[in-house]
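First comes the structure, then the notes that go with it.
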Amino acid sequence: MDRAGVRPPAPPVPALDADGNPVAGAPAIVRVALDTPLPTLFDYLIAQAVVPGQLVQVPFGRRQVVGIAWELTQRSEIDPAKLRPVTAVWHELPPLNDEWRRLMAFAARYYQRGIGEVALPSIPGHLRTPLRWPRLLAQRGVQRYRLADGAAIALQDGVPARLRAQRRLADGLIDAGTLDADEARALCAKAPDVLKQWAAAGWVTIETVAVHEPLTGHAGPISGEAPAGDDWTEDVPAHAGSATQDALAPDAGRRTLTTGQADAVAAIRDALAERGGTAPFTPFLLHGVTGSGKTEVYLRAVAGALTEPDAQVLILVPEINLTPQLEGVFRSRFPNEALVTLHSGLAEGERARHWLAAHRGQARIVLGTRLAVLASLPHLRLIVVDEEHDPSYKQQEGLRYSARDLAVWRTSQLEAPVVLGSATPSLDSWRRTEQGRYVRLAMPERASPDAVLPRVGLIDLENERKRQRAVHEGLSQPLLAAMRDRLARGEQSLLFLNRRGYAPVLSCDACGWISDCRRCSAHMVLHKPERRLRCHHCGAESRIPHACPDCGNTDLAPLGRGTQRIEEALSEHFPEARLSRIDADSTRRKGSAQALFQQVHAGEVDILIGTQMVAKGHDFRNVTLVGVVNPDAALFSHDFRAAERLFAQLMQVAGRAGRAARADGPGDVLIQTRYASHPLFAALMRHDYEGFARQQLEERQQALLPPFTHQALLRAEARQLAQAMEFLKTARALAATPELADERISLWDPVPMSMVRIAGTERAQLVVESPSRGALQSFLTHWIAELRALRAPVRWHLEVDPLEI
DNA sequence: AGCACGCCGACT
DNA sequence: GTCGGCGTGCTC
Ligand SMILES: [Zn+2]
Ligand SMILES: [Zn+2]
């Protein structure tokens, strides 16, 4: 197999002889991938040795850009007069290997983009800056300066602009998070002295870094909390992420696996051993109920893969900042293995170093979010996708790829195992297990006998109304009573409401005015603590009007409820309770989410109010009551995936109450609804994922929706909706022309998007679908070429496998 | 996408 | 007279 990462660089291509004349028969042209929407490679004359996979600097129009040498060829279709030579080749960087380039080519084809548009954004920015090339690879025993926590502002204010070199150094440090001595000196000649002063002021810390230092034993924010060694489970903080918590359940310390775990581990290890053998490649779907110990399976699968010298593994998680404990678990379980993280929260410099560690084969464990699936991993032998159903694996802008799907494709090419783990698998993955395309590894038992599933109960709001029991600010009497009970026992309650702000609309009773955003077809949301109206779609903000802008009425009413309003109502209802609200607004500042979670774990909070942020990752040992305030909107959404998402979300948030529970029994989940007879709730109360999946898949099959068909979405946006619609109609007509028409393809009518206007542009979309993936792909390729040729005055893009339509 | 060139309106 | 608006066209 592909071992390009350890292979010595390929011999130089002798394009020119000693006199500078082309050698007969040698490739004279290199085709280069560039980050441009033009869907082609670009041909350049080979002026110096270059091999595919190397980064090159080339002239492009009037500027110099970095590209990837993709292939070599004898001749070009381009007018020879137009061909220009490569400016520079980065010889020191090992070439990006075939496996990575095939992955990029596949993603480009599948998502209907140019190769360069996919490949270049997958590489850290610093590697696309030739000025940085000389410094990026030299990393031996150097001083490293790290910006101290929270010191960015002090540094920003403390260094006056007139000290230009110091200012540059400060900016560089704030930008990159860490600087090595040579990088620092490049910014400021007196860097060592300056940085010593800054260290004295507490703004930076100084470390001495060995060659492979960033990879092992280096304290990330969490490692060090957990001791290494065989009894690692004993002392790891109990407040770990969901999967993490599985591994940390009390009896995990005995290191005995349940039958389900043992079977799963055995199946994955068999697949690891069979690699390259005759067995067909099959992905694993690890279906483990809450508390079944998925993380322990991951850990042992990883351990199995790493027995092979040089092998690398990739662990994908939905959002790394919500599951920071998982990093600690892996670091302490594999204290001698190099581990790096890859996610969008890393500073540029760190991102480049981590990416290079993966690319050079130094990092053996790469833990990251969706973008990590695009990293260069020359010895990749296993991918784990934790919470595989999570929508954040789908990139929602730019190249709209699904990291989970690319992980499956990537491992299929390598014939390496992939483990997709979830308590509520996506229906797409579930269906594939039914078809035998994925192998299902079921873990129905909980790893820890005293971890019990919570009781799920409904509060029928219709019934409450009939019985004339007051609902106070959206909180019913039974829910308030249950919370009061928890307060009395000193236990914690968690209220889940997927709506931030105080109220989604502000309105005038007198004339009907409502707080619409001027630039969007959405309401401005009232944010009370910030004393602002905010549009969640375009970011527009204004002060809260003291009187109605239309009629002057001073009695403006907030309509509906968000987390802030629930928090306010609770503080009045339970004045003695300590409340904490965790949502995107209360955790805007870096590190504040961690701090809030920490307070909850430390028992400094009685009632926690949160959006989906609290559903993911964190477990709260003392939470014995989870209240779901208002899930009803998702029950009747026009999006056919809304029920699937809601079920997963409620199962996940219910799991927050399912662990330590109370001495006298399981925790409780109370769901307020006006539709108590909805089958989704019935399945939820039985903890019956399989029943829910069966029923949903039947509905999808009858309606011929995914996964029983494949979809793509053409979206257009323009100043006027009519222009966007016009474009889509033209596109639809094009699809009916004889050259493109295909009876396996169907196109829906173009429609305005449900949120028509965002930030002043109006949007519409057109669904294309086909039961045949191949037919869809080839149709899209030809169609998109025609669309490009239209040169229409609208912005448009194509999304393959859209999550929301 | 950038980044040019280019051809018309209001500013020194 | 020229500064700058963004329409159209090209990048190997
Ligand atoms: Zn009014
Ligand atoms: Zn808006």
Side-chain angles (χ1 to χ4, degrees), chain A residues 13 15-16 22 26-90 96 101 104-105 107-109 111-125 127-131 371 374 395-401 714-720 722-724 726-727 730 758-763 784-799:
Chain A
V13 176
L16 306 177
I29 303 290
V30 57
R31 314 200 67 218
V32 177
L34 299 176
D35 187 11
T36 150
L38 304 173
T40 87
L41 298 173
F42 292 83
D43 297 358
Y44 288 87
L45 297 169
I46 294 178
Q48 52 187 309
V50 60
V51 297
Q54 281 183 315
L55 293 193
V56 294
Q57 183 187 356
V58 292
F60 189 61
R62 247 137 287 230
R63 62 213 161 105
Q64 290 284 322
V65 297
V66 168
I68 301 166
W70 210 259
E71 57 197 32
L72 303 176
T73 173
Q74 303 294 340
R75 54 180 59 255
S76 170
E77 305 294 306
I78 302 297
D79 173 6
K82 284 180 151 185
L83 291 177
R84 300 160 78 183
V86 172
T87 308
V89 178
W90 191 7
L96 292 151
R101 298 203 310 279
M104 295 299 125
R109 218 179 325 123
Y111 293 108
Q112 306 290 337
R113 300 297 188 98
I115 284 176
E117 241 183 321
V118 175
L120 282 138
S122 303
I123 292 176
L127 277 76
R128 282 181 279 149
T129 313
L131 279 173
L371 61 84
L374 303 174
Q395 172 100 41
Q396 286 301 341
E397 59 198 32
L399 177 74
R400 298 180 172 230
Y401 62 94
L714 181 63
R715 290 213 176 94
E717 54 185 67
R719 291 301 274 280
Q720 302 293 320
Q723 295 171 286
E726 192 55 41
F727 170 77
T730 311
I758 284 186
T761 61
E762 305 197 322
R763 302 127 16 104
I784 212 169
E786 302 283 332
L787 293 176
R788 245 189 279 268
L790 284 178
R791 314 189 111 265
V794 298
R795 288 167 54 92
W796 58 271
H797 67 93
L798 191 72
E799 178 170 359

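When reading the values below, keep in mind they use all heavy atoms of this one structure, side chains included, and skip hydrogens, waters and symmetry mates. Each chain gets a letter, A, B and so on, in the order its sequence line appears, and its residues count up from 1. In this text the structure is predicted, and so the values were computed from the model without any measurement.
Distance A:Ile68 CD1 to C:dC12 P: 18 Å, rounded to the nearest Å. A:Arg719 places its CZ atom 10 Å from the P atom of C:dC6, with the value rounded to the nearest Å. Per the geometry, CZ belonging to A:Phe60 stands 13 Å off P belonging to C:dC10, to the nearest Å. As rounded to whole Å, 13 Å separates atom C1' of B:dA1 from atom CG of A:Leu120. In this entry the distance linking CG of A:Leu72 with C1' of C:dC12 reads 15 Å, nearest Å. Here C:dG9 presents its P atom at 15 Å from CG of A:Leu38, a figure rounded to the nearest Å. Going from atom CZ of A:Phe42 over to atom P of B:dG2 covers 13 Å, rounded to whole Å. Look at CG on A:Leu34: it is 9 Å from P on C:dC12, rounded to the nearest Å.
The side chain of A:Arg63 lies closest to B:dC3 when the candidates are C:dG9, B:dC3, C:dT11. The nucleotide whose nearest atom lies closest to any side-chain atom of A:Arg791 is, among B:dA1, C:dG9, C:dC12, C:dG9. The side chain of A:Asp43 approaches C:dC12 more closely than any other nucleotide in the set C:dG9, C:dC12, B:dA1.
A:Arg788 CZ: more than 12 foreign heavy atoms inside a 6.0 Å radius.
Residue-level contact check: A:Leu83 touches the backbone only, with heavy atoms under 4.0 Å from sugar-phosphate atoms and none from bases. Residue contacts for A:Tyr44: at a heavy-atom cut-off of 4.0 Å it reaches the sugar-phosphate backbone alone, with no base atom in range. The residue A:Ile29 sits apart from the nucleic acid: no heavy atom pair falls under 4.0 Å.
Summary of the strand contacts: A:Arg62 and A:Arg795 both lie near DNA chain B, and taking for each the nucleotide with the nearest heavy atom, the more 5' one is attributed to A:Arg795.
With respect to A:Arg715 and A:Glu799, a salt bridge is recorded, a charged nitrogen being found less than 4.0 Å from a carboxylate O.
Considering A:Leu41, A:Ile68, A:Ile115, A:Thr40 as possible partners of A:Arg31, the one that fulfils the side-chain contact (heavy atoms from CB on, under 4.5 Å) test is A:Leu41.
In this model, no donor atom of one side chain and acceptor atom of the other lie less than 3.5 Å apart for A:Glu117 and A:Thr36.
In this structure, A:Arg795 contributes its side chain and A:Ala716 its backbone to no donor-acceptor pair below 3.5 Å.
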